[in-house]
Amino acid sequence: MIVVAVILYATLNSDPMGADQLPAIPHIDKLIHAVMFGGLFSAIAFDRYRAGLSIGTKPLLVIAIICAGAGALDEFGQEAMHNGRSADIVDLVADCTGIAVAYFTAPPAIRKVVKKR
């Protein structure tokens with residue numbers, strides 16, 4: 001829930017960090033989108049694994065689809081709120097890219113971390 005709260009604050013707030021606080025790196029917001037939604041996917045997969053549930057191909061695909069749907073809803077929310085932010089298809093592509101990277105990298109990392117405990 002904390003990950004979801006951070007994503008909602010960061011994406012739906014009209015100016016979550018202040019425009020002058022973001023580094024002057026072109027398209028840094030796209031990287032932030034990828035990290036946030038990859039983190040969401042990873043957090044759900046981690047919780048699932050700790051609960052003793054499978055993190056095999058099919059469950060992870062369902063999680064990925066749910067996370068991508070959340071990214072799409074987030075973009076619609078930005079457009080609907082009229083707070084100075086607008087929907088951006090490239091943000092959604094960044095969200096999905098982060099989810100795809102996490103799809104392949106999170107499960108082995110989760111298994112390794114949980115086994116060491």
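A heavy-atom distance below 4.5 Å is found between the side chains of F41 and L60. Between L53 and P59, every side-chain heavy-atom pair lies at or beyond the 4.5 Å cut-off. Side chains of V3 and F37 form no contact here, defined as non-hydrogen atoms less than 4.5 Å apart. With contacts defined as side-chain heavy-atom distances shorter than 4.5 Å, the pair I55/R111 qualifies.
Cluster annotation: L40 and V6 are assigned to distinct hydrophobic clusters (Ile/Leu/Val/Met/Phe/Trp/Tyr, side-chain heavy-atom contacts under 4.5 Å, transitive). Note on L92 and I32: separate hydrophobic clusters, where clusters join Ile, Leu, Val, Met, Phe, Trp and Tyr whose side-chain heavy atoms are under 4.5 Å apart, directly or indirectly. Linking ILVMFWY side-chain heavy atoms closer than 4.5 Å, directly or via other members, places V35 and F46 in a single hydrophobic cluster. A continuous path of hydrophobic side-chain contacts links I99 to L31 [ILVMFWY only; heavy atoms under 4.5 Å].
A donor-acceptor contact shorter than 3.5 Å is absent between the side chain of Q78 and the backbone of A87.
When the options M36, H33, K30 are evaluated for a side-chain contact (heavy atoms from CB on, under 4.5 Å) with D95, the one that passes is H33.
The distance from the SG atom of C96 to the CD1 atom of I65 is 10.5 Å, given to the nearest 0.5 Å. Distance check, rounded to the nearest 0.5 Å: CD1 of I7 to CG of D74 gives 8.0 Å. The CD1 atom of I63 sits 9.5 Å away from the OH atom of Y103 when rounded to the nearest 0.5 Å. Here CG of L73 is found 11.5 Å from CD1 of I66. Values are rounded to the nearest 0.5 Å.
Minimum heavy-atom separation, P107 to A102: CD-O, 3.5 Å. Of all heavy-atom pairs spanning V90 and D88, the tightest one is N-OD1, 2.9 Å. Taking each heavy atom of C67 and I44 in turn, the nearest pair found is SG-CD1, 3.9 Å.
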